[in-house]
Structure formats: C-alpha cells, structure tokens
Amino acid sequence: MQIREGPARRQAPSAAGALRSPMSAMMLAMFATMASFYVAGRLWQDAQNRLHLIKELDRRTGQGQSAISVDDTLKVVACRQQGKRLASLEMELAAAKHKGFVGKYTPETNGTHSGKKPLIVIGIMSSFGRKNYRDAVRKSWLPTGSMLKKLEEEKGIVVRFVVGRSANRGDTFDREIDDENRSTKDFLILDDHIESDEELPKKTKSFFANAAETFNAAFYAKVNDDIYINVDTLSAMLETHWDRPRVYIGCMKSGEVFSDLTHKWYESDWWKFGDGKSYFRHASGEMFVISRAIAQFISINKSALRTYAHDDVSIGSWMIGLAVNHVNEAKLCCSSWPSGALCSAL
C-alpha cells in the first residue's frame with residue numbers, strides 16, 4: 001500500500017544567510033553616509049564659488065564698493081562747476097568781442113624772454129654771404145645793441161637772423177657768422193641744420209621748432225631778409241589775434257605747380273597735386289605768422305612732417321590737416337604794398 005506524501009516543508013534559513021542580511025544593511029548605510037557627505041561638500045563648494053563670482057562681479061561693475069572716494073566725487077563735482085563757469089565766461093567774452101571790446105597785450109602781463117612771455121618771435125631767414133642784407137635790415141627797421149633789448153622788454157618783440165651751419169663745420173662761413181653774432185647778438189643759429197638754398201623748407205621747419213623750444217611766445221613769424229617790417233603795425237594787428245589758440249596768418253594765395261625740371265619754381269612732387277596742378281591755399285613765404293600751439297605741433301612732429309620744394313607750400317600743407325584758423329591778412333602782402341601794409345620789399 002502506497003503512502004501519499006504531503007507537501008514539502010520549507011527549510012529554515014541557514015546561519016550564513018542570516019549573517020548576510022545585516023552586513024548588506026551596514027554597507028548600504030555606509031554608502032548612503034558617504035554619498036551625503038559628497039553631495040553636501042559639492043553644494044558647499046558651489047556656494048563658495050557663487051559667492052566669489054558675485055564679489056568679483058560687484059568689483060568689476062562697481063555695484064560693490066565704490067570706485068571713487070568721497071573726496072574724488074567732490075573733485076568731479078567741482079570740475080563740472082568750473083567747466084560750466086568757463087563756458088559762461090567764454091560766452092561773455094564772445095559777446096564782448098561782438099560789441100568791439102578786444103583784449104590788449106601788455107608787456108607787464110605777458111612780458112619778454114627774461115622770465116616773461118614775448119608777444120612774437122620773428123625769424124629772419126638769412127644765409128652765408130648775405131651780410132649786406134642783414135646790415136640793410138639793421139639800418140631800416142631792426143634796432144641794435146641796447147635798443148634791440150628795449151624792443152624785447154617794452155614791446156615783447158624778439159627778432160633774430162636765422163642761419164644754419166656749414167656742411168664743413170667750423171669753416172670760414174661758420175666763423176664769420178659766429179664773429180658777427182658776437183658783435184650784434186641778434187642770431188638764432190640752427191646747429192642741427194646744414195645751410196643750403198635747396199633746404200629752405202627744412203630750415204623754416206627747424207626755426208619754428210627751435211623757437212618754440214627756446215621762447216615762450218604767443219606768436220612766431222618767418223620773414224625773408226629783404227623785407228621791411230613796421231613793428232608797431234605788426235603789434236597792433238596781433239592784438240586782435242593773440243588770444244586765439246591756433247591761427248595761421250598771412251597773405252593767402254594759390255598758384256600753378258610747375259613740373260618742368262628747368263623752371264625756377266620746379267616742384268619735384270608735382271604729381272601729388274592732381275591733374276589741375278594747382279597748389280592749395282597757403283600764406284606767401286615773404287612773411288607769415290603762426291600761433292604758439294602750431295609752433296609746438298611743428299616742434300613735436302618735426303621728424304614726421306613732409307617738406308616740398310618751397311617753405312610756404314610746406315607750411316601750408318601741414319595746416320590743411322589741422323583745426324587751424326586761416327587768416328587772409330592783406331597787411332602781410334609785402335610785394336603788392338596794399339594800403340596799411342606792415343611789410344614791404346627793401
């Protein structure tokens with residue numbers, strides 16, 4: 001007789017299985033704890049980074065600590081008030097000029113070379129072998145000795161004959177000029193310029209540069225050594241311009257550019273003046289005047305300023321690119337002798 005077996009009984013868990021369950025729980029707890037520390041650390045690091053970025057942004061944009069102190073702020077306010085006051089004074093000055101009131105140059109306030117400010121420095125372009133012309137100038141309008149000093153002190157007018165050096169430094173030409181200068185004391189000798197008729201534009205540039213560095217004048221003039229000047233009329237004319245910062249005064253003209261190599265006024269750079277071959281408007285080279293700001297510009301940029309065949313054209317070319325007041329003054333048309341002219345050919 002077969003005996004029918006009942007359902008199998010479930011076996012009780014072994015001792016090894018009982019040990020695995022607590023170990024797994026402990027491991028999970030450890031991993032959870034480490035993960036919590038890691039996440040907390042990353043969150044703290046991110047918070048520090050954000051705080052650093054906010055401070056850096058505030059520093060660069062000015063939203064944090066102020067970029068200027070209170071004292072600096074007061075200085076800015078004061079400067080703005082001074083600017084408004086200056087603008088108001090300029091308007092009042094313009095209105096006064098419109099009514100006919102003109103500032104007057106006085107030696108007491110503007111002075112001379114001895115610690116004071118001359119009205120004008122006149123450079124008479126001369127050269128070797130032209131002592132007769134210089135003597136004619138001295139006999140006609142340029143005083144000598146103590147009277148030359150008086151002209152500087154009382155009228156603020158400094159006059160010098162401008163001569164360069166010989167290509168053979170120290171030769172007879174140089175010695176003659178040095179001897180003459182020891183006697184008359186009315187030369188401005190350009191040690192950095194070699195005397196040559198072909199180099200007159202560079203000589204004129206060197207004169208303005210040296211004069212601006214030597215004399216703190218309101219104006220500087222270039223004049224040929226065969227020109228007579230009425231210094232009183234010149235002073236009166238300059239009184240109407242001396243308070244202008246950038247002024248270029250002369251007998252304005254234009255003219256043909258000559259490309260013929262044999263012509264007296266040949267221009268080697270003729271092709272630069274276009275098909276019309278006409279010079280731009282510029283002051284005649286017999287005599288013209290520039291203000292101190294322009295002379296300083298020439299002094300600073302002398303190595304970069306291009307010269308052409310003629311000194312008047314060269315100066316005029318520099319004026320074209322500057323914010324300069326071109327003044328066409330008929331009194332400086334020395335050759336035509338207009339009514340009231342302050343210069344004429346000797």
Side-chain angles (χ1 to χ4, degrees), residues 113 118 120-138 142 144 148 152 157-217 219-227 229 250 264-269 282-290 292 294-318 334 346:
H113 182 49
I120 186 171
V121 175
I122 302 174
I124 306 173
M125 296 295 124
S126 191
S127 61
F128 305 133
R130 294 183 67 87
K131 186 176 185 301
N132 291 338
Y133 286 86
R134 293 191 290 272
D135 288 340
V137 169
R138 294 182 182 115
L142 178 62
T144 58
L148 179 64
E152 297 178 8
I157 298 177
V158 178
V159 186
R160 296 290 186 270
F161 290 103
V162 182
V163 179
R165 285 299 188 182
S166 171
N168 301 313
R169 187 63 65 94
D171 63 4
T172 304
F173 294 119
D174 280 350
R175 290 196 299 270
E176 288 178 350
I177 292 297
D178 289 337
D179 291 342
E180 186 179 347
N181 187 36
R182 276 190 289 269
S183 174
T184 61
K185 295 180 175 58
D186 56 5
F187 277 85
L188 176 60
I189 300 176
L190 305 176
D191 289 320
D192 59 348
H193 177 76
I194 302 300
E195 191 66 40
S196 171
D197 292 339
E198 294 76 18
E199 299 296 335
L200 180 57
K202 293 181 180 179
K203 179 179 179 179
T204 302
K205 177 172 66 173
S206 180
F207 157 67
F208 283 124
N210 280 273
E213 295 169 2
T214 306
F215 301 95
N216 182 27
F219 297 98
Y220 302 83
K222 176 262 177 180
V223 60
N224 292 340
D225 63 1
D226 58 355
I227 297 296
I229 298 177
K264 177 182 179 181
W265 306 114
Y266 168 69
E267 173 62 70
S268 59
D269 288 317
H282 60 277
S284 171
E286 292 177 319
M287 181 178 181
F288 59 86
V289 181
I290 61 175
R292 176 164 179 78
I294 299 175
Q296 288 178 312
F297 172 83
I298 295 173
S299 177
I300 295 170
N301 300 281
K302 58 185 177 182
S303 61
L305 292 174
R306 174 75 166 82
T307 56
Y308 294 95
H310 314 295
D311 64 337
D312 53 355
V313 173
S314 299
I315 297 291
S317 70
W318 307 336
C334 308
L346 289 174

### Message
As a quick check of understanding, evaluate side chain to side chain donor-acceptor pair (under 3.5 Å) for Glu195 and Ser127, giving each step before the final call.
### Response
CA-CA 7 Å; Glu195 191 66 40; Ser127 61; 4.5 Å; no

Given side chains that start at C-beta, do those of [X] and [Y] come closer than 4.5 Å, heavy atoms only?
X      : Y      : answer
Phe161 : Leu142 : yes
Asn210 : Val162 : no
Glu176 : Lys131 : no
Ile120 : Phe215 : no
Phe207 : Arg160 : no
Ile315 : His282 : no
Thr184 : Leu148 : no
Glu286 : Asp312 : no

### Message
Go through it in stages, so that I can follow the logic: the residues are Thr307 and Trp318, the test is side chain to side chain contact (heavy atoms under 4.5 Å, CB included), and I'd like the CA-CA distance, side-chain angles, deciding distance and then a yes or no.
### Response
CA-CA 9 Å; Thr307 56; Trp318 307 336; 3.9 Å; yes

### Query
After noting the C-alpha distance and the side-chain angles of Ile290 and Ile298, does the key distance pass the side chain to side chain contact (heavy atoms under 4.5 Å, CB included) rule?
CA-CA 11 Å; Ile290 61 175; Ile298 295 173; 4.0 Å; yes

### Query
Checking side-chain hydrogen bond (donor to acceptor under 3.5 Å, both in side chains) against Ser196, which of Glu198, Glu199, His193 comes through?
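Only one of Glu198, Glu199, His193 forms a side-chain hydrogen bond (donor to acceptor under 3.5 Å, both in side chains) with Ser196, namely Glu198.
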
Smallest separation among heavy atoms of [X] and [Y], with atom names:
X      : Y      : answer
Ala212 : Ser299 : CB-CB, 4.4 Å
Ser317 : Tyr308 : OG-CE1, 3.6 Å
Arg169 : Ile194 : NH2-CD1, 4.5 Å
Ser314 : His310 : OG-O, 2.9 Å
Ala217 : Val121 : CB-CG2, 3.7 Å
Thr204 : Phe288 : CG2-CZ, 4.4 Å

### Task
Output, in order, the C-alpha distance, side-chain angles, deciding distance and verdict of side chain to side chain contact (heavy atoms under 4.5 Å, CB included) for Lys203 and Leu190.
CA-CA 8 Å; Lys203 179 179 179 179; Leu190 305 176; 4.0 Å; yes

### side chain to side chain contact (heavy atoms under 4.5 Å, CB included) assessment of Phe208 paired with Ile294
CA-CA 9 Å; Phe208 283 124; Ile294 299 175; over 6 Å; no

Quick check for you: to the nearest 0.5 Å, what is the distance between [X] atom [atom1] and [Y] atom [atom2]?
X      : Y      : atom1 : atom2 : answer
Ile122 : Leu188 : CD1   : CG    : 13.0 Å
Leu200 : Lys222 : CG    : NZ    : 5.5 Å
Asp186 : Asn181 : CG    : CG    : 6.5 Å

### Task
Please confirm whether the backbone N or O of Asp174 pairs with a side-chain atom of Asp171, one donor and one acceptor, at under 3.5 Å?
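Confirmed, Asp171 side chain pairs with Asp174 backbone.
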
### Message
Any side-chain to backbone donor/acceptor pair from Arg165 onto Ile189? Under 3.5 Å, distance only.
### Response
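No, the answer is negative, given that no donor and acceptor are paired below the 3.5 Å cut-off.
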
### Task
Kindly write out the residues that satisfy ring-ring contact (aromatic ring centres under 6.0 Å, His included) with Tyr133, not counting sequence neighbours, or none if the list is empty.
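With sequence neighbours excluded, Tyr133 shows a ring-ring contact (aromatic ring centres under 6.0 Å, His included) to no residue whatsoever.
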
### Message
For Phe219, give me all partners under ring-ring contact (aromatic ring centres under 6.0 Å, His included), at least two apart in sequence or on another chain.
### Response
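Expected list: none.
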
### Message
For a side chain to side chain donor-acceptor pair (under 3.5 Å) check, start with the C-alpha distance between Ser206 and Asp192, then their side-chain angles and the critical distance, and finish with the verdict.
### Response
CA-CA 8 Å; Ser206 180; Asp192 59 348; 3.1 Å; yes

### Side-chain ion pair, Arg138 and Asp135, N-O less than 4.0 Å
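A salt bridge is present here (some side-chain N lies under 4.0 Å from a carboxylate O).
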
